[in-house]
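The next block holds one structure in the form of structure tokens; read it before the comments.
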There are 2 protein chains.
Amino acid sequence: MTPERKRLTREESRQQTRGRLLAAAAELFTERGVNGTSVEQIAERAGYTRGAFYGNFEDKNALVAELLQHRTRSELEEVRALTQDAASFDDALGALRAWNRDRARHLPEWLALRMELVLHALRNEELRPLLAERELLAREAHASGLEQAFAARGVQAPADPAFLGLIVHALEDGLLIQRLLTPGGIPDDVVVDAFDLLLRSWTALAQRPDGEGDG
Amino acid sequence: MTPERKRLTREESRQQTRGRLLAAAAELFTERGVNGTSVEQIAERAGYTRGAFYGNFEDKNALVAELLQHRTRSELEEVRALTQDAASFDDALGALRAWNRDRARHLPEWLALRMELVLHALRNEELRPLLAERELLAREAHASGLEQAFAARGVQAPADPAFLGLIVHALEDGLLIQRLLTPGGIPDDVVVDAFDLLLRSWTALAQRPDGEGDG
DNA sequence: CAATCAAGATACAGATCTGTATCTGAATAC
DNA sequence: GTATTCAGATACAGATCTGTATCTTGATTG
């Protein structure tokens, strides 16, 4: 006990404080929304006073921007890891399933915060590109994953892969919202089940080249 | 000119005031969020003082609840009208297309307010059932529309219609969010185009009964 | 070990918000 | 036409929040 009470350097202490403030803010934003949370409350939940807050961030907006960046980046990493690690396509599907199962446990918090940040970004011109990039990359990840899948099955994509990636990504979001709004009625696996169904139908469509009426 | 200056009865005046307050609140919620809007601001935008507000609503939450109800009901009406009026399926698709075109013009406002209200309902136990009902009905409307479509084409639904309806509805939401986050990159018609693609793929899947691996 | 420096606490001034209590004038009732 | 009643305005008392200015204390530097 009392091994060697880590004495923090100034920089370490500062980073710790910033981290705790950000974490506390994320919690509170989830619970009460960005606008419903005061600087006072953030500092208090993090175990500091407002003085510490203003020493580390210009104001609440600055913190929101930083939080948005952090989360955007980490989510992008996850998406990348998810699509790159998997060698085979079924592998990727399995990873996706596991990922969704895991997220299911914190879904309300995760989604509430995501929506909060989306709304905030919508209202702040400067933050929007950040969000847009995140969405775009996620869609591209899905698109390339799908191309891979079609290639593996020896069929042609039934539409522009970018369009298909958009559908998959959007569907994921929409399904999560539905699960949140109508709890109990929707199993954890909807997202993956839906994805599975889409892939099968698109494969079926691709294999029946009659009825190509695009144009 | 000055025909007969309509002198309002008390009840009429009260209803007018309520209506204006609700409309002003909707605007402000869209712009700054529910939590970012004060009773003061609502009253001011509506052209009244706080006194009028508290004479008509218990507090801001009561107003939000009422706004949520209004919008939920009117949206449900729209969905119902959309699916019932159309005799043929292509008819319904056309109506859907027109509807989406129309909404595209006010998409940012519409979606921002919807997300605001969703978040608010998520945090208020009592309001959630209202939202849930709305979503459920929308999904059912899609489901029955799909059943009709499959019947018209003489094929069987490739999965539980309720599941398919959920997918369509969720996809709609998700696509709108994507359009909002990445403006410019997504045409107005995505929702309908995506719907069209899904229907064709599902029809294709249904017509190839091999590979039915459910269960 | 003394001098310095900065992280975080405390104190302060101003703004804004909420909710109630009271007032005023126009619509109703008699 | 007078009395009444109620929609909405005005006034008031807290409460809370923001941002800055100043202090305290422990880390750093020599």
Side-chain angles (χ1 to χ4, degrees), chain A residues 2-67 116 120 123-124, chain B residues 2-67 116 120 123-124:
Chain A
T2 62
E4 38 204 64
R5 195 68 150 83
K6 173 76 182 175
R7 295 181 69 199
L8 298 174
T9 180
R10 274 200 187 143
E11 183 58 20
E12 285 171 331
S13 171
R14 190 179 168 77
Q15 288 309 324
Q16 190 181 65
T17 303
R18 285 177 72 85
R20 288 180 179 166
L21 285 169
L22 283 166
E27 278 184 31
L28 286 162
F29 291 167
T30 303
E31 293 170 18
R32 319 177 188 189
V34 173
N35 277 324
T37 302
S38 69
V39 171
E40 181 96 52
Q41 292 165 338
I42 295 171
E44 189 193 353
R45 167 93 44 122
Y48 298 93
T49 64
R50 242 176 27 257
F53 183 97
Y54 284 108
N56 279 283
F57 301 94
E58 192 179 330
D59 56 14
K60 199 171 74 175
N61 270 325
L63 177 139
V64 173
E66 195 161 319
L67 187 61
E116 275 292 334
H120 197 81
R123 293 178 183 126
N124 289 55
Chain B
T2 59
E4 37 205 67
R5 195 69 149 82
K6 174 75 181 174
R7 295 178 72 196
L8 298 175
T9 180
R10 275 202 185 141
E11 183 57 21
E12 284 172 332
S13 170
R14 188 178 169 80
Q15 287 309 324
Q16 188 181 67
T17 303
R18 285 179 72 86
R20 286 179 179 165
L21 285 169
L22 283 166
E27 277 184 33
L28 285 162
F29 292 166
T30 303
E31 292 169 20
R32 319 176 186 189
V34 174
N35 277 324
T37 302
S38 69
V39 171
E40 181 96 50
Q41 292 165 339
I42 296 172
E44 189 194 353
R45 166 95 44 124
Y48 298 92
T49 64
R50 249 186 11 264
F53 183 97
Y54 283 107
N56 280 283
F57 300 96
E58 191 180 332
D59 56 15
K60 198 171 75 176
N61 270 325
L63 177 139
V64 173
E66 194 159 322
L67 186 61
E116 276 292 335
H120 197 80
R123 293 179 183 124
N124 289 54

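Letters go in sequence order (proteins before strands), and every chain restarts at 1. Since the structure is predicted, the reported quantities are computational estimates derived from the model, not experimental observations.
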Heavy-atom side-chain contact between B/Val39 and B/Phe57 under 4.5 Å: no

A/Leu63 side chain near A/Phe29 side chain, heavy-atom distance below 4.5 Å: yes

Heavy-atom donor-acceptor pair, A/Arg123 side chain to B/Thr30 backbone, under 3.5 Å: yes

Rounded off to whole Å, could you give me the [atom1]-to-[atom2] distance for the [X] and [N] pair?
X       : N      : atom1 : atom2 : result
B/Phe57 : D/dG8  : CZ    : P     : 11 Å
B/Arg14 : D/dG8  : CZ    : P     : 7 Å
B/Ile42 : D/dG8  : CD1   : C1'   : 17 Å
B/Leu8  : D/dC6  : CG    : P     : 18 Å
A/Glu44 : C/dA9  : CD    : P     : 12 Å
A/Asn61 : D/dC17 : CG    : P     : 17 Å
A/Gln15 : C/dA6  : CD    : C1'   : 15 Å
B/Arg20 : D/dA7  : CZ    : P     : 16 Å

Test side chain to side chain contact (heavy atoms under 4.5 Å, CB included) applied to B/Arg20 and B/Gln16, step by step: CA-CA 6 Å; B/Arg20 286 179 179 165; B/Gln16 188 181 67; 3.4 Å; yes

Heavy atoms of other groups near A/Gln41 CD, more than 12 under 6.0 Å: yes

I'd like a list of close polar pairs between nucleotides 18-22 of chain D and the protein, N/O only, cut-off under 3.5 Å.
{"residue": "D/dT18", "atom": "OP1", "partner": "A/Val39", "partner atom": "N", "Å": "3.1"}
{"residue": "D/dT18", "atom": "OP2", "partner": "A/Val39", "partner atom": "N", "Å": "3.2"}
{"residue": "D/dT18", "atom": "O4", "partner": "A/Arg50", "partner atom": "NH2", "Å": "3.4"}
{"residue": "D/dG19", "atom": "OP2", "partner": "A/Tyr54", "partner atom": "OH", "Å": "2.7"}
{"residue": "D/dG19", "atom": "O6", "partner": "A/Arg50", "partner atom": "NH2", "Å": "2.1"}

Test side chain to side chain contact (heavy atoms under 4.5 Å, CB included) applied to A/Gln15 and A/Glu11, step by step: CA-CA 6 Å; A/Gln15 288 309 324; A/Glu11 183 58 20; 3.0 Å; yes

Does a side-chain N or O from [X] land closer than 4.0 Å to OP1 or OP2 of [N], or not?
X       : N      : value
B/Thr9  : C/dT28 : yes
A/Thr17 : C/dA7  : no
A/Asn56 : C/dG8  : yes
B/Ser13 : D/dG8  : yes

Considering only nitrogen or oxygen atoms on both sides, find all protein atoms under 3.5 Å from nucleotides 3-5 of chain C and state each distance.
{"residue": "C/dC5", "atom": "O2", "partner": "A/Arg10", "partner atom": "NH2", "Å": "2.4"}

Nearest to side-chain heavy atoms of A/Thr49, which nucleotide of D/dA9, D/dA7, C/dA9: C/dA9

A/His120 and A/Asn61: CA distance, side-chain angles, deciding distance, side chain to side chain donor-acceptor pair (under 3.5 Å) verdict: CA-CA 9 Å; A/His120 197 81; A/Asn61 270 325; 3.1 Å; yes

Pair A/Glu40-A/Phe53, side chain to side chain contact (heavy atoms under 4.5 Å, CB included): steps then yes or no: CA-CA 9 Å; A/Glu40 181 96 52; A/Phe53 183 97; over 6 Å; no

A/Leu21/A/Arg18 under side chain to side chain contact (heavy atoms under 4.5 Å, CB included): CA gap, chis, key distance, verdict: CA-CA 5 Å; A/Leu21 285 169; A/Arg18 285 177 72 85; 5.8 Å; no

